[in-house]
Amino acid sequence: MEASSMPNISAVSLWSNKREREMFDNYADLFAIIKTMEKLEKAYVRDIISPAEYEPACTKLIAQFKTLCTSLKDTVPDVERFMITYKMDCPAALNRLVVSGVPATVEHKSSSSSDSGSAVAVAECVQHYITAMDSLKLNMVAVDQVHPLLLDLLSSLNKVRMLSADFEGKVKTRNWIAKLSRMGAADELNEQQARQLLFDLDSSYNAFMNALPNAS
């Protein structure tokens, strides 16, 4: 068959505008996080990775999942339905991301241990730090987006008994909450404010990690 008689095949686009493209990109990210979590859970159960490797990786995925779900709350109100729609057989990921919300190493610590509550609080702090920083990187800078994240972070920091009242992370978070409270819900942080908040969160997160006792 001559080349001239070949039918013209045009590319099919999944989106018609920038907003739709961003939505499909977010769908792809959500799909990837769920699949990655499923593989991580199986690797941990099969003893392929150690608890020390598993916990931070799991905590980061949970935080990223929560950040993404916040931006997708209107288009993906039900993650389980999303998984059914895209034929995702990932029960371990569903349990860890939606049902449990904390790494297995934290969830299954002995409830009689005095360290159990502290471990959960530390895991929550890490998640809230990552969620807040990732949200800013995704340009979620409206007051009604940022303020709840900082409230959650401060609440979790207050649950960690080893941190003093004047711990850097608490002080900076309180200051930002006070600043945001003086703004309107629809107001947005400008580029300089968002950059400063991200810097403060990053430095506070590092200070938080350094304040934790070394794992034995």
Side-chain angles (χ1 to χ4, degrees), residues 8-44 49 53-103 123-124 126-153 176 180 185-202 205:
N8 291 325
I9 301 176
S10 58
V12 178
S13 177
L14 293 175
W15 53 82
S16 58
N17 54 55
K18 184 178 179 181
R19 185 180 182 86
E20 286 187 359
R21 177 173 182 172
E22 184 177 347
M23 181 185 73
F24 280 110
D25 284 345
N26 286 336
Y27 281 6
D29 290 339
L30 180 59
F31 188 95
I33 288 173
I34 294 171
K35 283 289 189 181
T36 303
M37 180 61 84
E38 184 73 12
K39 291 182 181 296
L40 181 66
E41 290 292 297
K42 289 181 177 178
Y44 176 64
I49 60 173
E53 294 170 313
Y54 163 81
E55 189 168 319
C58 186
T59 298
K60 184 174 183 179
L61 282 173
I62 292 171
Q64 290 172 332
F65 170 77
K66 290 182 177 180
T67 301
L68 199 54
C69 283
T70 300
S71 62
L72 286 172
K73 62 183 179 181
D74 294 329
T75 54
V76 186
D78 187 335
V79 173
E80 190 169 1
R81 186 176 294 276
F82 173 88
M83 293 172 66
I84 293 172
T85 300
Y86 291 98
K87 297 178 171 58
M88 302 182 71
D89 184 20
C90 301
L94 180 65
N95 176 68
R96 187 62 50 215
L97 293 169
V98 178
V99 179
S100 172
V102 294
E124 286 180 353
V126 173
Q127 288 178 28
H128 290 315
Y129 266 120
I130 296 174
T131 298
M133 289 188 286
D134 283 352
S135 296
L136 290 171
K137 292 173 185 176
L138 289 171
N139 202 36
M140 296 171 63
V141 293
V143 170
D144 60 358
Q145 293 174 317
V146 180
H147 191 268
L149 298 177
L150 296 184
L151 284 177
D152 287 342
L153 173 59
W176 274 105
L180 293 174
D187 291 343
E188 294 187 350
L189 299 177
N190 60 36
E191 183 179 353
Q192 183 179 359
Q193 290 172 322
R195 187 171 180 177
Q196 184 63 49
L197 176 54
L198 184 59
F199 176 81
D200 287 346
L201 286 169
D202 185 60
Y205 174 70

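This is a predicted model, so every value here is computed, not measured. Along the sequence shown, the residues carry numbers beginning at 1.
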*Between V76 and N26, is a side-chain contact (heavy atoms from CB on, under 4.5 Å) present by the stated rule, with each step listed?*
CA-CA 10 Å; V76 186; N26 286 336; over 6 Å; no

*Between CG of D29 and CD of Q64, what distance do you get to the nearest 0.5 Å?*
9.0 Å

_Approximate separation, where rounding is to 0.5 Å, of K42 NZ and I49 CD1_ = 13.5 Å

*Under the side-chain contact (heavy atoms from CB on, under 4.5 Å) rule, what do I62 and M37 come out as? Steps first, then yes or no, please.*
CA-CA 9 Å; I62 292 171; M37 180 61 84; 3.8 Å; yes

_Any non-hydrogen side-chain atom of E53 less than 4.5 Å from a side-chain atom of Y44?_
no

*Kindly say whether the aromatic ring centers of F31 and Y27 come within a distance under 6.0 Å.*
no

*Of all heavy-atom pairs between S71 and M140, which one has the smallest distance, and what is that distance?*
CB-SD, 4.3 Å

*Under 3.5 Å, is there a donor-acceptor pair between the Y54 and E41 side chains?*
yes

*Within a reach of under 6.0 Å around CG of D89, are more than 12 heavy atoms found that belong to other residues, nucleotides or ligands?*
no

*Full working for side-chain contact (heavy atoms from CB on, under 4.5 Å) between C90 and M83*: CA-CA 8 Å; C90 301; M83 293 172 66; 3.7 Å; yes

*Less than 4.5 Å apart, any side-chain heavy atom of V146 and any of W176?*
no

*Where do S135 and T67 come nearest, in terms of heavy atoms and distance?*
OG-CG2, 3.5 Å

*Any side-chain heavy-atom pair from L180 and L189 closer than 4.5 angstrom?*
yes

*Work out which heavy atom in L136 is nearest to a heavy atom in A194; give both atom names and the distance.*
CD1-O, 4.2 Å

_I34 and V79, any side-chain heavy atoms less than 4.5 Å apart_ = yes

*Spacing of L61 atom CG and Q127 atom CD [to the nearest 0.5 Å]*: 10.5 Å

*Can you measure from CD (E188) to CG (D144) and round to the nearest 0.5 angstrom?*
9.0 Å

*A123 to P103 - nearest heavy-atom pair and separation*: CB-CD, 4.5 Å

*Can you tell me how far CG of D200 sits from CE of M133, rounded to the nearest 0.5 angstrom?*
11.5 Å

_Within the 4.5 Å heavy-atom criterion, are L94 and E80 side-chain neighbours or not?_
yes

*Out of curiosity, L68 CG to T131 OG1, how far, rounded to the nearest 0.5 Å?*
11.0 Å

*Could you go step by step and tell me if F199 and Q196 meet the side-chain contact (heavy atoms from CB on, under 4.5 Å) rule?*
CA-CA 5 Å; F199 176 81; Q196 184 63 49; 3.8 Å; yes

_If you define the side chain from C-beta out and look only at heavy atoms, does anything of L201 sit under 4.5 Å from L150?_
yes

_Any non-hydrogen side-chain atom of K137 less than 4.5 Å from a side-chain atom of D134?_
yes

